[in-house]
Colleague: 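Here's a structure for you.
As a basis for the values below, the full set of heavy atoms in this structure was taken, side chains included, without hydrogen atoms, waters or symmetry mates.
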Amino acid sequence: MIIFQFGISVFVTLRAYIIYPMARNKRASRKNQNNRKQNYNNPNFWGMIQNIMIAGMNKGQLLPTIFGLILIILALKISPEVAGTLFFEMVVFVKNIWYIGWTLAILSIFGWYFGTKKLRRLHAKEMDRVSLEKSNLQELAAQKLLASSNLT
């Protein structure tokens with residue numbers, strides 16, 4: 001899933017920084033044939049890689065992004081025969097470790113349950129504290145004891 005997301009982000013970045021500027025540059029060169037000085041951004045490969053890395057850091061996905069880049073570079077460098085056998089071995093490996101997905105799913109459910117339980121307690125404490133502070137400030141502003149609306 002992460003590699004799929006990475007592939008989409010690379011495609012979107014390539015489209016935004018390579019394909020569209022090329023079309024824009026062709027229009028601009030036809031439009032401004034007499035004017036040699038053009039003010040447009042001339043993107044390059046390293047600028048694209050930099051933007052992908054910055055987006056990965058902003059979204060907290062830097063390590064999957066680097067891992068995906070390494071996989072893409074390795075996939076481009078190996079021969080087709082080796083790529084075929086490697087892909088087949090990866091499919092067999094994934095078929096043999098199906099239980100890891102179920103284990104992670106169950107651990108995620110327990111983590112979600114206990115995490116939300118803790119957050120509910122923290123939220124309730126904070127709401128009680130804010131309510132008490134509000135009541136104290138209202139009594140201070142009114143300079144008299146106010147009736148409580150708490151039912152507990």
Side-chain angles (χ1 to χ4, degrees), residues 1-29 31-32 35 37-77 83 86-87 89-152:
M1 185 66 178
I2 293 172
I3 294 174
F4 177 72
Q5 290 173 345
F6 174 75
I8 289 176
S9 65
V10 169
F11 173 73
V12 169
T13 306
L14 287 174
R15 186 182 66 180
Y17 287 98
I18 294 176
I19 297 170
Y20 286 152
M22 291 170 85
R24 197 177 326 129
N25 292 345
K26 287 180 183 176
R27 286 194 302 266
S29 64
K31 188 176 174 182
N32 301 322
N35 187 2
K37 185 177 179 183
Q38 296 177 352
N39 295 325
Y40 60 88
N41 182 16
N42 191 6
N44 57 23
F45 177 76
W46 295 112
M48 177 194 67
I49 296 297
Q50 177 186 6
N51 290 339
I52 290 172
M53 291 298 179
I54 290 171
M57 284 187 275
N58 288 339
K59 295 179 181 177
Q61 296 178 342
L62 182 63
L63 290 177
T65 303
I66 291 173
F67 182 70
L69 277 174
I70 291 171
L71 283 179
I72 288 175
I73 291 170
L74 289 175
L76 293 174
K77 294 289 182 179
L86 181 65
F87 178 73
E89 289 176 9
M90 286 171 50
V91 168
V92 169
F93 180 72
V94 169
K95 284 183 179 180
N96 291 336
I97 60 167
W98 59 269
Y99 55 86
I100 290 178
W102 285 104
T103 306
L104 289 176
I106 291 170
L107 289 175
S108 297
I109 290 171
F110 279 116
W112 167 80
Y113 173 75
F114 290 115
T116 53
K117 190 175 181 180
K118 181 179 179 181
L119 286 175
R120 278 194 302 267
R121 287 181 184 158
L122 286 172
H123 183 263
K125 275 186 188 177
E126 182 65 14
M127 288 298 107
D128 290 342
R129 185 193 65 80
V130 169
S131 174
L132 183 63
E133 186 176 335
K134 177 191 64 132
S135 297
N136 290 339
L137 288 174
Q138 286 175 340
E139 288 175 357
L140 185 65
Q143 295 182 352
K144 66 178 182 177
L145 189 62
L146 298 175
S148 175
S149 61
N150 274 346
L151 299 176
T152 57

Colleague: Listing request: all salt bridge (Lys or Arg N to Asp or Glu O under 4.0 Å) pairs with a residue in residues 107-120, at least two apart in sequence or in separate chains.
Modeller: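 Of all non-adjacent pairs touching residues 107-120, none passes salt bridge (Lys or Arg N to Asp or Glu O under 4.0 Å).
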Colleague: Measuring from atom CD of Q61 to atom CE of M53, what distance do you get when rounded to the nearest 0.5 angstrom?
Modeller: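 One gets 12.5 Å once the value is rounded to the nearest 0.5 Å.
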Colleague: CD1/I52 to CD1/I66 distance, rounded to the nearest 0.5 angstrom?
Modeller: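 Interatomic distance, I52 CD1 to I66 CD1, rounded to 0.5 Å: 12.0 Å.
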Colleague: Between atom CD1 of I100 and atom CG of L107, what is the distance when rounded to the nearest 0.5 Å?
Modeller: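 So the gap between those two atoms works out to 11.5 Å.
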Colleague: For L86, give me all partners under side chain to side chain contact (heavy atoms under 4.5 Å, CB included), at least two apart in sequence or on another chain.
Modeller: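 So L86 forms a side chain to side chain contact (heavy atoms under 4.5 Å, CB included) with I78, M90.
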Colleague: Between S108 and L104 (side chain of the first, backbone of the second, donor and acceptor by atom type, cut-off under 3.5 Å), is there such a pair?
Modeller: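 Flag set: sc S108 to bb L104 pair under 3.5 Å.
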Colleague: Please name all residues satisfying side chain to side chain contact (heavy atoms under 4.5 Å, CB included) with A142, sequence neighbours left out, ordered by chain then number.
Modeller: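 For A142, the residues satisfying side chain to side chain contact (heavy atoms under 4.5 Å, CB included) (neighbours in sequence not counted) are K144, L146.
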Colleague: Could I get the full list of side chain to side chain contact (heavy atoms under 4.5 Å, CB included) partners for D128, not counting sequence neighbours?
Modeller: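 Not a single residue meets the side chain to side chain contact (heavy atoms under 4.5 Å, CB included) criterion with D128.
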Colleague: In chain order, what residues pass the side chain to side chain contact (heavy atoms under 4.5 Å, CB included) check against I54, with sequence neighbours excluded?
Modeller: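 Result, side chain to side chain contact (heavy atoms under 4.5 Å, CB included) vs I54: Q50, M57, N58.
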Colleague: Please round to the nearest 0.5 Å and tell me the distance separating atom CG of L140 and atom OG of S135.
Modeller: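 The CG atom of L140 sits 12.5 Å away from the OG atom of S135.
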Colleague: Taking side-chain hydrogen bond (donor to acceptor under 3.5 Å, both in side chains) as the test, write out the residues that go with E126, two or more places apart.
Modeller: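 Once residues adjacent in sequence are excluded, the partners of E126 under the side-chain hydrogen bond (donor to acceptor under 3.5 Å, both in side chains) criterion are R129.
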